[in-house]
2 protein chains.
Amino acid sequence: MKGKVTSFDVAQRAGVSQSAVSRVFSGASASKATQDKVRSAADALGYRPNRLARGLITGRSKIIGLVVAYLDNQFYPDALERLSNVLKEQGYHILIFTTKGRGEEVKQTFDQLMDYQVDGIIAASVGISDELTNRCAAAGIPLVLFNRGQRGGALAQVTSDNLQGAAKIASFLVKGGHRRIGHISGWMGSITGQDRAQGFASGLQAAGSELVHQIDGMYRRDTAAEAAETLVSEHGCDAIFVGNDHMAFAVMDHLRGAMKISVPNDVSIVGYDDVSMAAWGAYELTTLRQPVNRMVHATVDTLLAMIEDADASADQITIDGPLVVRTSAKVPKEN
Amino acid sequence: MKGKVTSFDVAQRAGVSQSAVSRVFSGASASKATQDKVRSAADALGYRPNRLARGLITGRSKIIGLVVAYLDNQFYPDALERLSNVLKEQGYHILIFTTKGRGEEVKQTFDQLMDYQVDGIIAASVGISDELTNRCAAAGIPLVLFNRGQRGGALAQVTSDNLQGAAKIASFLVKGGHRRIGHISGWMGSITGQDRAQGFASGLQAAGSELVHQIDGMYRRDTAAEAAETLVSEHGCDAIFVGNDHMAFAVMDHLRGAMKISVPNDVSIVGYDDVSMAAWGAYELTTLRQPVNRMVHATVDTLLAMIEDADASADQITIDGPLVVRTSAKVPKEN
DNA sequence: CTCACTCTTGCATAGGTTTGCAAGATTACC
DNA sequence: GGTAATCTTGCAAACCTATGCAAGAGTGAG
């Protein structure tokens, strides 16, 4: 009862060849009779096919590598859980890698991913160098970027419509009667950060206003809080669009706590993501919802398509999301 | 450049046998000369050993299965990230499974884990039936429970000292001058929930007080919020110990928001976990810290010990944590 | 009953690595 | 320089499954 039970063992017990049991479990053709014999023998012995061995010969490990940078931003655990569930339905499972680094560490991570012969990779908000994308392409491993774009790349990616979304926020804030509007951006080294900043600036212009000042929040709470203080104290901002909810919470904490400033009476705050915490009573954050479910499904769909068909086109999908109005920002009087 | 490059390819290029290249990559003995030849050939070809094949023959996949129930409770993403990092240092990686269910779903999850030939399993706060533990034992797969105990089991587990911790909280609240103290427990189907409840009750007695009322919060925000309302409105509680931070936030939101009750002036709230959010300005939650780092290291250490040595003893480790005093509960005047 | 045709099934090989074994190469020592 | 001891190295088997191939079993028609 110690050693693993193999397809050979159940073949022996069922009085058939090893190929027969393989065929039964891989869904190939087999007569009803052998099906039954094999199944009952397998049940008796507690046999289950060894995925490693199967992967070795089929060239499909049924493992998807997920590399994620910011697990403290609730958006990502949430996405992770949904990705896991959707992939599970398709018979895939997630090998997870976390990495803060941007350069060498990411490269090592990819090395390790490829060691495990993953069938595909999802990179959630992590920077991928051209060298890495080439390596993946050379190895024939599909890669899709989740919630992170790549300029002019032919890379598959799914993001929300950051320009459009940020523009919606701009329009909302202007209509809300704010005069001095600032922006704490996501890390400007990321396309996501850039796009939201750009969409916001042009949105303000389109609404006849302009951006007073912008500071890079680096996706970090402390940096964002500091930035908020600067925007309010030095630039007299009465509204701030913060590049994601995670930073927006820090901003609200800092304004209300250390600075004794009322949100939204003195300063309006708008975030981006609509993580579940945004609905919590302590924040009631007005924010642009990223439709996680649709993003996850789109990601899995394109990734699996690329796995099935090696030269499927690398889709670049952007998904539109609604502005969720709560109480952290003044609401325009009329529509 | 299409097909994978194998150890055989690099052997050919280096002018040695395939075994030679295997030996240099698996760290077995090899002369300096062949080491060099093999390494440079491998670099030129971009060779890396196939972990699936390696796992097939060594019987070690270097994969650890992690199954986790509550990813929306920040404690777990945090633990996940740390587990991932610590395991990575030891050459292991995490195949992740999320499951809400308690019965059949957990079983299927374990089936799938075993299909992947994981070297060990970490179950974070999920209920494991005896049947499953037996299956693991039969398959020779070590299992350790993280942040979740098991009554009278011989199972490896690492938890914080829930009885002691809850008792500390009891003492703190009594010293704080509270008269009517209630408890919103974690799910009473979990040992964790039971232990904290019990530790709290006996802690109150030891301090010359008693528990006014207790309600099962089920680890859910909505249930906890409802419970808080009952405790305050119907039982006149002036202090509540909430079974974990995740629920405590909901309680604070509900008291302050819907019920217009001041925390801590009217009601003191204490949580358990000390997730990073507990330090945020919106909550400043007084809570008992679970030392995640030490718990994670203990978990990995015991798990790896069990993997190395099949009949290593299944340690049951409980780790003590400090009470972190913030502002969500009245602080005793003197010491 | 025979023939042609389709289903099933077993044999044997492949997939990429590790490892015991034995032979060859090297070292050490006298 | 000779012998014993130690290193290196290649050969081949093993890990567990999937699958092409060919032979056998079954089916239907004439």
Side-chain angles (χ1 to χ4, degrees), chain A residues 2-39 41-42 45-63 91 112 114-119 139-141, chain B residues 2-39 41-42 45-63 91 112 114-119 139-141:
Chain A
K2 202 59 206 308
K4 315 276 184 189
V5 30
T6 78
S7 61
F8 202 82
D9 298 332
V10 6
Q12 196 163 322
R13 183 181 232 265
V16 296
S17 76
Q18 178 269 332
S19 344
V21 9
S22 168
R23 276 189 257 261
V24 170
F25 278 94
S26 60
S29 67
S31 71
K32 187 82 174 59
T34 49
Q35 289 244 9
D36 292 344
K37 280 191 290 186
V38 168
R39 294 242 181 251
L45 270 55
Y47 168 78
R48 311 206 92 227
N50 180 329
R51 276 225 137 131
L52 264 47
R54 176 179 281 185
L56 184 56
I57 194 166
T58 60
R60 313 239 86 108
S61 62
K62 291 291 182 174
I63 299 178
Q112 298 175 10
M114 308 183 51
D115 292 352
Y116 280 103
Q117 312 293 115
V118 295
D119 290 340
I141 301 180
Chain B
K2 202 59 208 310
K4 314 276 183 188
V5 30
T6 78
S7 61
F8 202 83
D9 299 332
V10 7
Q12 196 162 321
R13 185 181 230 265
V16 297
S17 76
Q18 180 270 336
S19 344
V21 8
S22 167
R23 277 189 256 261
V24 349
F25 276 95
S26 59
S29 65
S31 72
K32 187 84 173 59
T34 49
Q35 289 242 9
D36 292 345
K37 280 192 291 187
V38 167
R39 294 241 181 252
L45 270 54
Y47 168 79
R48 310 205 93 229
N50 180 330
R51 275 221 136 136
L52 264 47
R54 175 179 283 185
L56 185 55
I57 194 165
T58 60
R60 315 239 86 110
S61 62
K62 292 289 181 176
I63 299 178
Q112 298 175 13
M114 308 186 48
D115 291 351
Y116 280 103
Q117 312 294 115
V118 295
D119 290 340
I141 301 180

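Every value quoted in this text rests on a predicted model; they were computed, and no experiment measured them. Letters go in sequence order (proteins before strands), and every chain restarts at 1.
Mapping B/Ala33 and A/Ser7 onto DNA chain D via the closest heavy atom, the residue that lands nearer the 5' end is B/Ala33. Comparing B/Thr34 and B/Leu56 along DNA chain D, the residue whose closest nucleotide (by nearest heavy atom) sits nearer the 5' end is B/Thr34. Closest-nucleotide positions on DNA chain C for A/Gln35 and A/Ala53 were compared, and the one nearer the 5' end corresponds to A/Gln35.
Rounded to an integer number of Å, the gap from CG of B/Asp36 to P of D/dT9 is 11 Å. For A/Arg54 and C/dT17, the CZ to P distance is 21 Å, given to the nearest whole Å.
Here A/Arg23 lies in heavy-atom contact (under 4.0 Å) with a base. Residue-level contact check: B/Ser19 touches the bases, meaning some heavy atom is under 4.0 Å from a base atom. Counting any heavy atom pair closer than 4.0 Å across all strands shown, B/Ser22 reaches a base atom. Using a 4.0 Å heavy-atom criterion, one finds that A/Val16 contacts the sugar-phosphate atoms exclusively.
Comparing C/dA14, C/dT17, D/dT19 by their nearest atom to the side chain of B/Asn50 picks out C/dT17. In this structure, the nucleotide among C/dA12, D/dC15, C/dT9 sitting nearest to the side chain of A/Gln18 is C/dA12.
Distances shorter than 4.0 Å separate none of the side-chain N or O atoms of B/Thr6 from OP1 or OP2 on C/dG16. Distances shown here put a side-chain N or O of B/Ser31 below 4.0 Å from the OP1 or OP2 atom of D/dT9.
Under a cutoff of 6.0 Å and an axis angle of 45°, A/Arg39 and A/Phe25 form a cation-pi pair.
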